[in-house]
Structure formats: structure tokens, C-alpha cells
Amino acid sequence: MVDSACPLDCPDACSLAVTVQHGKIIALDGSHRSPTTDGFICAKVRKFGDRVYGPDRLLHPGIRKGRKGEGRFERATWDDALEHIVERMKHATATDGAESILPYSYGGSNGLMTQDNFDAMLWRRLGTSRLARTLCAAPTGTANMALYGKMASVVYEDYPEARMIILWGVNPTTSGIHLVPYVRDAQKRGATLVVIDPRSTQLARAADIHLAVKPGTDVVVALAVHRFLFAHGFANEDFLHAHTHHWQQLRERAEEWTIEKAAALAGIDAAPLERVARLYAESSPALIRCGWGLERNRNGGNAAMAILSLPSVGGKFGVRGGGYSMSNSASWDIDRTPWIGAPEPRTRIINMNHLGRTLIEERKPPVNVLFVYNCNPAATVPDQNRVIDGLKREDLFTVVFDQVMTDTALFADVILPATTFLEGYDFAKAYGPIHLELGRPVIDAVGEARSNADVFGELCSRLGFIEPDEPTGELDLLVKVLASLPGTISDDLGNDKPPAPPFGVRPIQFVDVFPNTPDRKVDLFPEALEKSAPLGLYRFQPDPASDRYPLALISPASEHTISSTLGELPRGEVKLLMNPADAQRRGLADNDLVRIFNERGEVHCAVQVLPTIREGTVSLPKGLWRRTTRNGATATALAPDTLTDLGGGACFNDARVEVASLPHA
Ligand code: SF4
């Protein structure tokens with residue numbers, strides 16, 4: 001049995017116990033080293049061995065020999081593949097400048113060793129275009145930063161202390177599963193549970209109140225609660241005067257949102273919304289878990305602002321189990337500057353949600369080289385058809401450095417095989433609980449796979465950005481990271497329990513931790529955000545539905561993938577979830593084959609008719625690979641590449657569609 005940790009894009013950062021026999025993984029489970037893991041992990045990672053040894057695994061570098069998209073590659077040596085890439089980068093730089101190179105990465109691994117180290121050094125020293133990594137968490141991150149400077153938030157272990165919990169736009173049954181036992185424990189101890197989600201999830205069914213709001217209306221629901229607090233004397237003026245700025249402006253913006261008006265817009269009854277507002281006002285400790293589902297639309301940034309400011313207005317801080325939970329990823333305050341070793345250049349920034357239009361529209365300079373790692377944009381980025389059209393461009397040189405033959409890798413000119421987290425060192429940083437785990441290699445690299453640090457270090461070296469005798473490998477990076485971790489963390493990594501940050505693993509907001517803002521106060525109406533949001537702060541932009549495309553398509557996380565990681569593995573038939581009333585109106589029955597379509601594209605799959613989704617909303621899972629639907633398109637083919645009101649995030653849930661029976665299927 002070997003100890004390791006899971007660095008995938010999930011809040012929990014589990015401690016793992018991996019059983020290895022004759023150099024091969026035969027079982028993968030949770031260990032008890034981390035108290036929140038407590039010996040169990042999700043079903044997704046328990047089958048991670050199927051990725052490590054599966055038929056899609058990339059075993060050696062390859063150079064394209066077929067047409068783009070066919071996925072035919074000729075085996076190459078690492079030396080030839082890297083030299084080819086270096087030549088193409090040099091050529092692109094000489095022809096159109098280094099900004100014609102676009103590095104493209106996201107959270108395929110959230111570990112400290114797999115991103116923002118030698119890769120960042122390479123791109124910065126080359127002076128490539130910069131990528132705004134805003135596919136997820138940008139609106140909530142922007143709001144959390146503006147309000148609280150990303151103050152550490154309530155951890156899972158403190159949920160049982162709460163008397164009221166609101167799970168808002170989050171479904172821990174599929175993502176961040178270790179929160180569930182703590183929520184159940186709180187319920188057993190008498191806490192009221194409220195779930196706000198367009199779907200009747202498992203926890204919504206176990207909740208005291210479920211508000212199945214229309215996608216995109218969370219902002220007005222939260223503003224109605226604000227208005228209730230102010231209007232009924234529940235706003236905590238002592239707290240507001242002592243710890244906040246500009247609460248009067250927030251109160252003014254909330255003024256128009258009566259419970260009735262917000263409920264009508266959100267498509268829910270007014271009575272349960274008023275009950276939620278009153279319960280929130282009167283409960284202590286009261287806790288809001290702000291998720292990421294509510295940010296994936298045109299109003300996502302303002303929704304996060306309105307939700308995260310509720311504990312300030314209600315005065316819910318200062319007690320264990322009271323306040324809010326959001327990502328704790330910034331709590332460690334880790335400075336990556338020493339590992340990167342190069343200042344960020346002022347080159348152009350390309351929003352990753354605009355990949356399709358960036359590749360196919362005329363740009364100065366054009367993107368000549370696309371280097372993709374830690375992500376699979378052909379499956380995950382909005383406006384899928386334009387992304388694929390871009391990837392087909394014959395004059396585009398695409399490198400994909402990944403563990404498996406992804407949808408994007410099929411379009412590559414050069415593929416490079418990457419190690420998984422079980423084949424190298426990494427640091428798993430929890431952002432639900434607060435702990436840091438060292439992931440150790442449990443097996444040798446499979447095939448000729450190499451780590452991100454090794455490959456980007458070598459590219460730096462080949463391009464002359466590192467002195468010939470300067471160490472550039474994975475172990476060298478490990479030493480650099482260990483040396484720059486704050487406090488005694490690096491010493492504590494070898495202890496029985498994962499190391500704690502300086503403020504402890506269970507901080508109480510406004511007791512142990514305070515806003516990381518210049519005066520440690522909360523600015524409830526930041527001027528910069530008021531200027532950058534299209535209609536200003538705490539405003540609602542209308543629903544993009546039309547008579548032609550009346551249904552809101554959402555694409556929530558599922559129990560099969562972590563974002564799109566593991567999407568290559570076999571799964572049952574993918575189905576569109578639809579409310580019985582919507583199905584009846586269209587003459588559809590369970591398991592019928594349907595086309596889901598709008599002006600951007602269409603997806604063919606089966607339909608599942610269930611009342612667990614609200615009328616007017618349909619749902620397809622997030623992270624699907626193209627092979628999982630009948631026509632090779634996924635929910636991203638229907639998603640616009642418009643941006644959220646704050647943070648430049650993706651508006652996946654602004655996809656408006658129609659659904660019809662698939663003829664001659
Ligand atoms: S994906 Fe999340 S729940 Fe699953 S093993 Fe990794 S950290 Fe744990």
C-alpha cells in the first residue's frame with residue numbers, strides 16, 4: 001500500500017491509499033490520513049487505473065500523418081518531437097511575433113507541480129499571448145476577491161455547528177462528496193437545510209426547502225433576501241458600520257426586489273422564498289455554501305456578489321459554523337514567483353472562452369501555434385463547432401500534451417504523453433477543507449510519459465531560457481516548491497496529519513481570519529465592479545430565451561467525470577433530462593432519441609423524462625466527450641461564447657434550445 005493524494009480539480013484533495021502489485025496499480029481508495037477523506041473517495045477516482053492502463057493512454061510522442069481530427073500519428077522520439085516544436089515556435093516568432101503562440105491550459109490537474117511553474121517560465125520568456133483562464137470560477141472568484149479578498153471560508157468540519165445551511169448552486173453528491181456527511185450530521189443535529197438548484201438533487205429531496213429557480217435568476221433571489229433583511233430590521237447595522245463599506249448602495253439596488261417580484265422572475269412560489277429569508281434572518285449560526293452552478297450565466301458575477309454579501313448584511317460571521325463557504329484555494333498564500341523566475345510580459349490576453357472565434361476570425365497576429373495541456377477544449381469550451389473548425393485549420397500548428405487521446409489531441413500536429421498524478425510528485429491543495437497533501441509516485445511512468453515539469457523545463461532549456469547546467473526536472477521543481485511553502489508546511493508534510501495553514505484548519509470568519517483587503521473591511525459596492533458590469537452591480541440581465549429556443553439548457557457536473565477528466569471511459573447512454581410537462585408538449589417519451597438544437601449546433605441523444613428537473617429547463621452532463629453522443633457534439637456545441645457580467649467567465653447555462661424527436665433514428 002502506498003500513500004498519495006488526489007490533485008484533481010475537486011475541493012476535497014483526498015488522501016489516497018494505493019495498492020500496487022508487481023509495479024501495477026490494482027486498487028485505489030481513500031486513506032484516513034486526511035480527516036475529511038476518512039477512508040473513502042469518489043467512484044470516479046477509484047477507477048483511475050482504467051485511465052492509467054486504458055486503450056486511450058498516450059504511450060509515446062507522435063507526429064500527425066493523417067488529416068486533422070483523424071487521430072493518426074507516427075511514433076516519434078522525444079528528441080524529434082521537442083525539436084519539431086521548438087522549430088515551429090521559432091518560425092512563428094520570426095514570422096508574426098511570439099504573440100502568435102497561444103498556450104492553452106486549465107484545471108486537468110490542480111496540483112502545484114503541473115501548472116504555473118516551468119510552463120509559465122517558458123511562455124513568459126517567449127513573450128507569447130497570455131490566456132485568461134476563466135472557464136470556471138472566474139465570476140465567483142472575482143466577487144469573493146472584491147468583497148473579502150478571498151478570506152478563508154467555513155470548512156466542511158464546521159458544518160455540523162450550523163443551525164441553517166443553504167446549498168446554493170452546488171451539488172456535493174457529485175462534486176466534493178466529502179461535504180455530504182457533514183451536511184447530514186448538521187441535519188441530524190437539527191439544522192434546517194435549503195437547496196437552491198433548478199434540479200431536485202438527492203440533497204434537495206432531503207432538504208426542508210428546495211427552491212428550483214430558473215437558471216440565471218439567483219441574483220434576484222439573493223437580492224430579495226437582502227431586501228427582506230433591510231426592510232424587517234434584520235440587517236445587522238452594528239456589523240455593517242464596523243466591518244463594511246457602501247452597504248447603503250447595496251440596499252438601494254435591492255430595494256426593487258420584493259419577494260413576490262423575485263419569485264415571479266425565478267419561477268418559484270413566493271411563500272417558500274419568504275420562509276427562506278425569515279429563517280436566514282433568525283438562524284444562527286447560518287451558513288451559505290456558494291457553488292459554481294449559479295455563475296455560469298450572464299448574471300453569474302452579480303449573483304455571486306449578492307449571495308456572498310448576505311452574511312455581511314445578516315451579521316452571520318463571528319461564530320463557528322456561520323458565514324459562507326467558497327473556494328479556499330487562495331488561503332495558503334503560496335508565492336509562485338520563485339519557481340517561475342520571470343516577470344509576466346504585457347502581451348495580449350485571450351479569454352479562453354473565445355478559443356473558437358480566436359482561431360477562425362482574422363487576428364493580428366493570428367494564432368499560428370496552439371499548445372494545449374491540462375485541458376481538452378474540443379469538449380469543454382463554449383461554441384464547440386467553431387472550436388473544432390479552428391482546430392481543423394491546416395495552417396495552425398497544434399501541440400497536445402496529455403495523458404490520453406482526448407478529443408483535442410485528435411486534431412494535434414504533435415502529441416506528447418504526460419504522466420498522471422500516480423506517476424509523479426504533486427501537491428494537492430484542498431479548497432473545500434483546508435489542507436495540503438503531498439502526492440507521491442506510486443508507479444513508474446507508463447510508456448514514455450513524462451511530467452509537465454520535465455517537458456517544460458526541457459523546452460526552456462532548448463530555447464536557451466535556462467543555463468545549460470541549471471536543474472530543470474521534476475525533482476528540482478519539487479525542491480523549489482518545498483523551499484517556498486509558507487511557515488513549517490514543508491516540515492509538516494511528513495507528519496501523520498496533513499499540515500495546517502497558519503490560521504488553523506477550522507478558522508472562524510471574523511475571529512481567526514479577516515478580509516484580505518487593505519483595511520480588513522468588506523466593500524459591498526466596489527466601484528471598479530460597478531463600472532465593469534454591463535448594467536452595473538446587483539443588476540439583472542434578462543433571459544436570452546426566444547420563442548424559437550425557449551428551453552434553458554444546463555450542464556452540471558456528473559458522477560462520471562471531474563470536469564472532462566475520465567470522459568474517455570465507457571459509460572451508459574447519455575440522456576437529456578427533461579420535465580414531463582416539456583416532454584408531453586413535444587410528444588416525447590422516455591428513451592426517445594432527440595435532437596437538441598439552436599442556431600449554434602445540435603446534439604443527438606436519448607431523453608430521460610423525469611420531474612427532478614424544473615419545467616422549462618433541460619440538462620445534459622458537463623464534461624462529456626464527443627464519442628458519448630450520437631452525433632459527436634456535446635452541450636458546449638449549444639453554449640454561447642458570451643461572457644459573464646463580472647470576471648469574463650463562461651455562460652454555459654445561457655444556452656437556449658429547442659428539443660424535437662430525431663427523425664429516422
Ligand atoms: S476527485 Fe475529489 S472526491 Fe474524488 S478522489 Fe479526488 S479529491 Fe477525492
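Worth knowing before you read on, the calculation uses all heavy atoms, side chains too, and leaves out hydrogens, waters and symmetry mates. Indexing begins at 1, ligand by ligand and atom by atom, following the structure's order. Remember, predicted model here, so these are calculated numbers, not experimental data.
If you run side chain to side chain donor-acceptor pair (under 3.5 Å) between T634 and each of R627, Q384, K622, only Q384 comes through.
Taking a cut-off of under 4.0 Å to the non-hydrogen atoms of V45, the atoms of ligand 1 that pass are 1 (S), 4 (Fe), 5 (S), 6 (Fe).
Of all protein heavy atoms, the one closest to atom 6 (Fe) of ligand 1 is C6 SG, 2.4 Å. Shortest contact from atom 4 (Fe) of ligand 1 to any protein heavy atom: C42 SG, 2.3 Å.
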| salt bridge (charged side-chain N to carboxylate O under 4.0 Å, His left out) assessment of R51 paired with E568 | CA-CA 8 Å; R51 161 167 277 216; E568 78 277 16; 2.9 Å; yes
| side chain to side chain contact (heavy atoms under 4.5 Å, CB included) between V505 and V155, intermediate numbers included | CA-CA 8 Å; V505 285; V155 296; over 6 Å; no
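At a threshold of 2.8 Å, atom 2 (Fe) of ligand 1 has no backbone or side-chain N, O or S atom of C14 nearer than that distance. At a threshold of 2.8 Å, atom 6 (Fe) of ligand 1 has no backbone or side-chain N, O or S atom of C10 nearer than that distance.
Looking at R571 and S558, their side chains come closer than 4.5 Å, going by heavy atoms from C-beta outward.
Put simply, the side chain of R320 gets close to the backbone of R506: a donor and an acceptor are under 3.5 Å apart.
The part of A13 lying near ligand 1 is the backbone, judged by heavy-atom distances below 4.0 Å. Residue contacts with ligand 1 for L8 are absent, since no atom lies close enough (heavy atoms, distance under 4.0 Å).
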